[in-house]
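Small disclaimer: the values here were computed from a predicted structure and weren't measured.
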Amino acid sequence: MKNLTFQNLTLTRELFGHHNHNLVKICEAFKVEIDTRGNSLLINGNSQDVDLAEKLINQLYLLLEDNFSLGEADIDAAINTIKNNNDSHLKDIFSTTIFKTIKNKPITPRNPSQQKYVLAIQKNDILISIGPAGTGKTYLAMAMAMAAFSRGDVKKIILTRPAVEAGEALGFLPGDLAQKINPYLRPLYDALYDMMDFEKAKTLIEQDAIEIAPLAFMRGRTLNNAFIILDEAQNTTSAQMKMFLTRIGYGSKAIVTGDITQIDLPTGKKSGLIEAKNILTNIKGIEFIYFSKDDVVRHQLVSKIIDAYEKKRK
């Protein structure tokens, strides 16, 4: 049993959440019971679970004291971080602002793996990240690209994906080539518009300062002073991956993201991401970062869905 009392009533209400919603999440996650009275709470349960819940609640309160606004996704990420890495300090992770969205919300790492990922991007010219959906691979890379562009570290951002058919034939989509490939690039546009005003992004795209294009459009180019992100890299062929990695020029940084459990290549085609994982691991300047289902920062159901599919494969 632990009794906690907080000094600031306004922050305490934010900590508890609307109708104690945050505390309900904590109770479910750590199998404890929490009773509240004013700005105090009492935690009951197994001593180890109580200790973890206490640690989480105290660390969340410290974030609030630092003017960090806790959303539902932040609460979920914090719970997962403390459950999976009970030596973690949320303030060290969440207080690292990479970039701010158009709504002025800071984009920060939400777990130790994301923190490691951000540091690895800063240190290496080529970073290859592998892991399931929802772990923040592409979104954080986009935030790092936007930050580098805003500082003037690079002159151009290039966002690319292989246009591989996931169960649907590209040729049967309506429109010209640009209209056919647009659905494959839509997730990159979505992330961009979350971080930048639509009109400003549109202007930068028109000025070619931001380029969003299929991977095939990278062939034959040398990309200098650019921040380049290759998304969905599990759907590259061996030749495409080699082509992409050899496009990097002076002053550039390349980030490759992919999930090797979701390969949509035709049967018999080898994934360029898997091959890269096997042959590039010992090259200085190239680092690999691996995420797991424990690092998922989307809706809690996403992690459960990934877990269910993993169990079925076994």
If you define the side chain from C-beta out and look only at heavy atoms, does anything of [X] sit under 4.5 Å from [Y]?
{"X": "F6", "Y": "L11", "result": "no"}
{"X": "L90", "Y": "L62", "result": "no"}
{"X": "L215", "Y": "F244", "result": "yes"}
{"X": "I43", "Y": "I57", "result": "yes"}
{"X": "S150", "Y": "F99", "result": "yes"}
{"X": "F94", "Y": "F68", "result": "yes"}
{"X": "N111", "Y": "Y117", "result": "no"}
{"X": "I98", "Y": "L140", "result": "yes"}

Would [X] end up clustered with [Y] when hydrophobic side chains under 4.5 Å apart are linked, directly or stepwise?
{"X": "I102", "Y": "L204", "answer": "no"}
{"X": "L42", "Y": "L60", "answer": "no"}
{"X": "V24", "Y": "I75", "answer": "no"}
{"X": "I228", "Y": "I283", "answer": "yes"}

- Message: Pair L4, E54 - check side chain to side chain contact (heavy atoms under 4.5 Å, CB included), show working.
- Response: CA-CA 8 Å; L4 304 179; E54 178 194 21; 3.7 Å; yes
- Apply the test side chain to side chain donor-acceptor pair (under 3.5 Å) to residues S113 and D295: give CA-CA distance (whole Å), side-chain angles for both, the deciding distance (0.1 Å), then the verdict. CA-CA 7 Å; S113 294; D295 301 313; 3.0 Å; yes
With rounding to the nearest 0.5 Å, note down the distance linking [atom1] in [X] to [atom2] in [Y].
{"X": "N8", "Y": "R13", "atom1": "CG", "atom2": "CZ", "answer": "9.5 Å"}
{"X": "I279", "Y": "N282", "atom1": "CD1", "atom2": "CG", "answer": "11.5 Å"}
{"X": "S69", "Y": "L64", "atom1": "OG", "atom2": "CG", "answer": "8.0 Å"}
{"X": "K2", "Y": "N58", "atom1": "NZ", "atom2": "CG", "answer": "9.0 Å"}
{"X": "N84", "Y": "I79", "atom1": "CG", "atom2": "CD1", "answer": "11.5 Å"}
{"X": "I263", "Y": "K270", "atom1": "CD1", "atom2": "NZ", "answer": "11.0 Å"}

Charged N to carboxylate O under 4.0 angstrom, [X] versus [Y]?
{"X": "K253", "Y": "D153", "value": "no"}
{"X": "K105", "Y": "D74", "value": "yes"}
{"X": "K137", "Y": "E232", "value": "no"}
{"X": "K25", "Y": "E72", "value": "yes"}

- Query: Relative to each other, are the rings of F198 and Y193 parallel, tilted or perpendicular (30° and 60° limits)?
  - Reply: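 Rings of F198 and Y193: tilted, as their planes differ by 30° to 60°.
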Which pair of heavy atoms, one from [X] and one from [Y], lies closest together, and at what distance?
{"X": "I210", "Y": "M196", "answer": "CD1-SD, 4.3 Å"}
{"X": "A254", "Y": "I248", "answer": "N-CD1, 4.0 Å"}
{"X": "V32", "Y": "V50", "answer": "CG1-N, 3.9 Å"}
{"X": "Y139", "Y": "A191", "answer": "CD1-CB, 4.2 Å"}
{"X": "A213", "Y": "T160", "answer": "O-OG1, 2.8 Å"}
{"X": "L127", "Y": "E287", "answer": "CD2-O, 3.3 Å"}

Any side-chain to backbone donor/acceptor pair from [X] onto [Y]? Under 3.5 Å, distance only.
{"X": "N85", "Y": "D87", "value": "no"}
{"X": "S252", "Y": "A226", "value": "yes"}
{"X": "N124", "Y": "A120", "value": "yes"}
{"X": "D92", "Y": "S88", "value": "no"}
{"X": "Q240", "Y": "T237", "value": "yes"}
{"X": "D197", "Y": "K200", "value": "yes"}
{"X": "Y290", "Y": "S129", "value": "no"}
{"X": "K100", "Y": "I107", "value": "no"}
{"X": "N44", "Y": "E33", "value": "no"}
{"X": "T135", "Y": "V297", "value": "no"}

- Item | Derivation and outcome, side chain to side chain donor-acceptor pair (under 3.5 Å), residues S238 and E275 | CA-CA 7 Å; S238 176; E275 184 180 62; 2.3 Å; yes
- Please step through side chain to side chain contact (heavy atoms under 4.5 Å, CB included) for the pair L56 and Q59, ending with a clear verdict. CA-CA 5 Å; L56 171 64; Q59 292 200 27; 5.7 Å; no
- Task: Given side chain to side chain contact (heavy atoms under 4.5 Å, CB included), test H21 with F16 step by step and report yes or no.
- Result: CA-CA 7 Å; H21 182 65; F16 291 1; over 6 Å; no
Considering residues, nucleotides and ligands other than [X], do more than 12 of their heavy atoms fall under 6.0 Å from its [atom1]?
{"X": "Q122", "atom1": "CD", "answer": "yes"}
{"X": "K91", "atom1": "NZ", "answer": "no"}
{"X": "R221", "atom1": "CZ", "answer": "yes"}

- Task: Take D231 and T138 through the test side chain to side chain donor-acceptor pair (under 3.5 Å) and record every step on the way to the result.
- Result: CA-CA 7 Å; D231 191 32; T138 303; 2.6 Å; yes
- Query: Going through the checks in order, is the side chain to side chain contact (heavy atoms under 4.5 Å, CB included) test met by K277 and L273?
  - Reply: CA-CA 6 Å; K277 180 173 75 78; L273 181 59; 5.9 Å; no
- Message: side chain to side chain donor-acceptor pair (under 3.5 Å), that's the test. Do Q48 and D51 meet it? Break it down for me.
- Response: CA-CA 5 Å; Q48 187 175 359; D51 287 345; over 6 Å; no
